[in-house]
Colleague: 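Dropping the structure in here first, questions after.
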Amino acid sequence: MNSVEIKGLTKIYGSNHALRDFSLNIPKGQVCGLIGPNGAGKTTAMSILATLLAPDGGSATVNGYDVMSEQARVRRQIGYMPDFFGVYDNLKTTEYLEFYAAAYRIPVSERSRLIGDLLELVNLADKFNSYVDLLSRGMKQRLALARCLVHNPEVLILDEPASGLDPRARAEMKEIIRHLRRMNKTILISSHILPELAEMCDSIAILEQGRLVTYGPVEEVTAARQGTRILKVDVTDKLSELLEFINPKPGVVSVDGEAGWARVTFQGNKNDQSQLLKEIIEKGWYVIEFAEIKGNLEDAFMAMTGEGE
Ligand code: ATP
């Protein structure tokens with residue numbers, strides 16, 4: 001079952017198409033990373049899902065509820081963390097969460113336990129008595145995440161939750177999101193920190209100029225450069241002869257030895273790949289390493305989105 005179904009969404013600002021026929025299904029319990037250059041339409045898509053913006057065409061549902069005609073129901077299902085949010089002065093963390101718990105009509109008798117659990121979940125238990133405006137940026141973002149969880153939503157829409165955080169704070173945020181995934185939440189998360197998304201997502205959707213460029217499992221998206229991969233072939237000696245030997249072989253697009261080993265851009269199939277290794281060994285080279293270098297999301301993103309901004 002899909003928790004999120006987006007079908008042909010279009011949003012136009014004047015002559016600017018922020019979203020063009022954007023479709024995406026996210027199965028229940030999956031974490032989907034939404035990536036794209038600035039202005040690609042990520043925030044627009046998330047705002048529509050969060051019922052804060054009306055599309056000009058297409059439709060979207062969350063747990064079967066329509067974002068246009070069943071907004072109150074959709075809001076019960078989702079926890080939305082916008083990319084910019086305010087926190088209030090002169091409020092303590094517990095008071096801040098208390099305010100949202102009241103807004104969601106959580107019974108008074110349940111609130112203090114709930115708030116304690118949420119602060120625990122986002123690693124802010126020791127800050128229960130701190131004023132919100134005095135928290136660090138990373139802490140404020142974790143508090144904002146706790147706020148989205150007050151009503152125990154099944155679906156989370158997180159717009160760049162780790163932006164502007166230092167590496168330690170990003171790692172903490174990542175760990176919390178992993179925890180939420182283990183709690184079987186369905187999560188749509190956008191970010192510019194692409195390699196980090198790979199570690200916590202099941203699937204990746206790449207948006208460019210409002211269009212979905214690619215969508216699939218993380219491994220497929222990273223390997224999606226039409227089957228092109230990089231092989232590392234390291235031998236004990238005679239590297240330049242090896243480069244000449246490899247160059248005309250089936251599946252080889254190019255080869256260079258700048259790194260001190262043969263970096264082979266390869267489009268062949270698995271048979272071509274194993275045949276290549278066999279022939280290198282049969283020709284008498286002593287092979288130290290013959291490995292596929294895993295492409296990363298950064299590469300896939302650059303390859304698929306052209307110039308980006
Ligand atoms: P970023 O990574 O910079 O947050 P994004 O992928 O979230 O970008 P959006 O904020 O959704 O992109 O913007 C998509 C396009 O729509 C951009 O060209 C943007 O300028 C335009 N846009 C967004 N909101 C408005 C608005 N309220 N009025 C006019 N144009 C807008």
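We count ligands from 1, going down the list as the structure has it; atoms in each ligand are counted the same way.
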Colleague: In ligand 1, which numbered atoms sit nearer than 4.0 Å to a non-hydrogen atom of Thr43?
Modeller: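 Selected atoms, number and element: 4 (O), 5 (P), 7 (O), 10 (O), 11 (O).
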Colleague: Angle class for the Trp285/Phe245 ring planes (parallel below 30°, perpendicular above 60°, tilted otherwise)?
Modeller: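 It falls in the tilted class, 30° to 60°.
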Colleague: Just jot down the ligand 1 atoms closer than 4.0 angstrom to any heavy atom of Thr44, in number order.
Modeller: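 This gives 9 (P), 11 (O), 13 (O), 14 (C) as the contact atoms.
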Colleague: Quick one: are Cys32 and Leu24 in side-chain contact, heavy atoms under 4.5 Å?
Modeller: yes
Colleague: Counting both backbone and side chain atoms, is some N or O of Gly41 under 3.5 Å from an N or O of ligand 1?
Modeller: yes
Colleague: Heavy atom under 4.0 Å from ligand 1: found in Glu160's side chain, backbone, both, or neither?
Modeller: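 For Glu160, only side-chain atoms sit under 4.0 Å from ligand 1.
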Colleague: Give the residue and atom name of whichever protein heavy atom lies nearest to atom 27 (N) of ligand 1, and the separation in Å to one decimal.
Modeller: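 Protein heavy atom at minimum distance: Tyr13 CE2, 3.6 Å.
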Colleague: Spell out, yes or no, whether Val122 and Phe128 are grouped together once hydrophobic residues are joined by side-chain heavy atoms under 4.5 Å, including indirect joins.
Modeller: yes
Colleague: Pairs under 3.5 angstrom only: tabulate donor-acceptor contacts from the side chains of residues 249-261 to other protein residues two or more places apart or in another chain.
Modeller:
from   : atom 1 : to     : atom 2 : distance (Å)
Lys249 : NZ     : Glu279 : OE1    : 2.8
Ser254 : OG     : Thr265 : OG1    : 3.4
Asp256 : OD1    : Glu258 : N      : 3.1

Colleague: Quick check on contacts: which atoms of ligand 1 are under 4.0 angstrom from a heavy atom of Ala40?
Modeller: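 So the atoms of ligand 1 that pass are 5 (P), 6 (O), 12 (O).
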Colleague: Using heavy atoms and a threshold below 4.0 Å, how should the contact between Asn16 and ligand 1 be classified: side chain, backbone, both, or neither?
Modeller: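 It is the side chain that touches ligand 1; the backbone stays farther off.
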Colleague: Under 4.0 Å from a heavy atom of Ala18: which atoms of ligand 1 are those, numbered in the order shown and with their elements?
Modeller: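 In order of numbering, the contacting atoms are 14 (C), 15 (C), 16 (O).
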Colleague: Checking a contact table here: which protein heavy atom is nearest atom 2 (O) of ligand 1, and how many Å away?
Modeller: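 Checking every protein heavy atom, the shortest distance to atom 2 (O) of ligand 1 gives Lys42 NZ, 2.7 Å.
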Colleague: I'd like to check whether Asp83 has a polar contact with ligand 1, where a contact means an N/O of the residue lying under 3.5 Å from an N/O of the ligand.
Modeller: no
Colleague: Show every donor-acceptor pair shorter than 3.5 Å between a side-chain atom in residues 4-17 and any protein atom, with sequence neighbours excluded, or say none if there are none.
Modeller:
from  : atom 1 : to    : atom 2 : distance (Å)
Glu5  : OE2    : Asn2  : ND2    : 3.1
Thr10 : OG1    : Asp21 : N      : 3.4
Lys11 : NZ     : Ala54 : O      : 2.8

Colleague: Given the rule in the ring-ring contact (aromatic ring centres under 6.0 Å, His included) test, do Tyr100 and Tyr104 qualify, once you have shown the distances and angles that lead to the verdict?
Modeller: CA-CA 6 Å; Tyr100 283 95; Tyr104 279 105; 7.4 Å; no
Colleague: Nearest non-hydrogen contact with atom 17 (C) of ligand 1 belongs to which option: Gly39, Gly210, Pro37?
Modeller: Gly39
Colleague: Which residue and atom name correspond to the protein heavy atom nearest atom 3 (O) of ligand 1, and how close is it?
Modeller: Asn38 ND2, 2.8 Å
Colleague: Transitively linked via ILVMFWY side-chain contacts under 4.5 Å: Leu121 with Leu135?
Modeller: yes
Colleague: Do Arg182 and Glu175 meet the salt-bridge criterion of a basic N to acidic O distance under 4.0 Å?
Modeller: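 Counted as a salt bridge, because a side-chain N and a carboxylate O are separated by less than 4.0 Å.
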